[in-house]
S.K.: 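Take a look at the following structure, please.
Start at 1 and go down the list; that is how both ligands and their atoms are numbered. For the numbers below, each heavy atom of this structure counts, side chains included, while hydrogens, waters and symmetry mates do not.
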Amino acid sequence: MSLLSSKRSADLHLHTLFSDGTYTPEELVSQSLKAGLSAIAVVDHDTVEGVSPTIAEAKDQALEVLAGIELSAAYEDKEIHILGYLIDHQNKILLKKLESLKENRIERVHKMVEKLNNLGIDLKPESVFALSGNGTVGRLHIARALVKEGLVRSLSEVFQKYIGDNGPAYVLGFRFSPKEAIKFIKDSGGVPVLAHPYTLHNDELILEFVKLGLMGLEVYYPEHSQGMVNFYLELAKQNNLLVTGGSDCHGKAKPEVRLGSIKVPYELVEKLKAAKEGLK
Ligand code: AMP
Ligand code: ZN
Ligand code: FE
Ligand code: FE
């Protein structure tokens with residue numbers, strides 16, 4: 001391995017305005033170059049629409065863009081996010097299913113706004129859709145709309161009081177089971193990796209998902225302590241799992257999470273590519 005390649009780094013968890021981030025493909029590429037990254041992965045919620053424009057934007061620049069997605073799944077009453085790396089983002093079957101997920105998210109927002117209205121909060125669905133534009137709409141847009149309209153003080157208050165996973169205005173949208181999400185990603189040529197494993201609060205469950213075909217763990221994540229990183233690294237090693245990491249940057253929607261705040265060695269990208277080849 002050359003010295004140069006060992007220094008290349010990647011941020012493998014970025015959102016764009018095609019879901020609930022705010023960066024355009026142009027901004028994502030320029031910010032990534034500014035952060036000194038060699039590779040990034042676009043992993044928007046339930047959509048791959050941001051992938052092609054970001055690849056096109058980076059074409060003549062020293063930045064590699066990996067296709068990806070962050071799928072929502074549910075296990076019992078827990079929300080689980082599964083990343084799909086190097087997914088075939090032009091696959092027709094994939095795109096058709098994602099279209100229905102996008103519609104479902106719109107209906108879900110209407111239901112959540114109705115619940116908020118019943119709680120006495122005067123939010124209009126249009127204020128939410130004004131923020132999501134043509135992208136997949138979600139809870140972060142609802143939270144931003146509430147803060148923007150001055151109806152709630154902060155994003156964290158919105159999630160704590162209303163739309164956190166067990167909140168009174170939370171609505172579970174369409175959710176794959178973990179098994180379905182893993183299969184769906186693999187069938188679309190992608191490598192399934194468990195996002196931010198600490199949110200599970202249950203490490204046994206990870207091994208269950210491995211039995212279902214999960215291939216990797218997002219070990220490096222802003223909310224993971226050094227102890228967690230060590231723990232998940234060991235778990236990955238014991239179970240022959242891939243290791244990934246990324247910032248989960250949402251642009252200006254979460255200004256405290258900087259793009260490139262997590263940088264993983266480029267070797268992890270090479271391992272993802274080798275794993276994808278092994279799927280064929
Ligand atoms: P959804 O896919 O619509 O259920 O929304 C999930 C997204 O909401 C996550 O990816 C985050 O961007 C955001 N989110 C969830 N919980 C919180 C929280 N407690 N604080 C801030 N953002 C959150
Ligand atoms: Zn998000
Ligand atoms: Fe997530
Ligand atoms: Fe994310």
S.K.: For residues I206 and P197, report the shortest heavy-atom separation together with the two atoms involved.
M.R.: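 Reported closest heavy-atom pair: CD1-CB, 4.1 Å.
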
S.K.: Would you mind telling me which of K78, R139, R175 makes a salt bridge (charged side-chain N to carboxylate O under 4.0 Å, His left out) with D165?
M.R.: R139

S.K.: Taking 2.8 Å as the cut-off, does an N/O/S atom of H250 lie below it from the Zn ion (ligand 2)?
M.R.: yes

S.K.: What verdict does the ring-ring contact (aromatic ring centres under 6.0 Å, His included) test give for H224 and F231, after you've listed the backbone C-alpha separation in whole Å, the side-chain angles of each residue and the deciding distance to 0.1 Å?
M.R.: CA-CA 10 Å; H224 285 175; F231 177 82; over 10 Å; no

S.K.: Would you mind writing out the side-chain donor-acceptor pairs for residues 30-42 within the sub-3.5 Å range, not counting sequence neighbours?
M.R.:
from: S30; atom 1: OG; to: E26; atom 2: O; distance (Å): 3.3
from: S30; atom 1: OG; to: E27; atom 2: O; distance (Å): 3.2
from: S32; atom 1: OG; to: L28; atom 2: O; distance (Å): 2.6

S.K.: Once ring pair (Phe, Tyr, Trp, His ring centres under 6.0 Å) is applied, do any residues pair with F176, and if so which ones, sequence neighbours excluded?
M.R.: F174, F184

S.K.: Please list, chain by chain and in numerical order, all residues satisfying salt bridge (charged side-chain N to carboxylate O under 4.0 Å, His left out) with K179, sequence neighbours excluded.
M.R.: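 Here no residue qualifies.
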
S.K.: Please state the angle at the Zn ion (ligand 2) spanned by OD1 of D20 and NE2 of H45: what is it, rounded to 10 degrees?
M.R.: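 Seen from the Zn ion (ligand 2), OD1 and NE2 are separated by roughly 80°.
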
S.K.: Tell me how many protein N, O or S atoms are closer than 2.8 Å to the Fe ion (ligand 4).
M.R.: 4

S.K.: So, D20 versus H141: side-chain donor-acceptor pair below 3.5 Å or not?
M.R.: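 Per modelled atom types, D20 and H141 side chains form no pair under 3.5 Å.
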
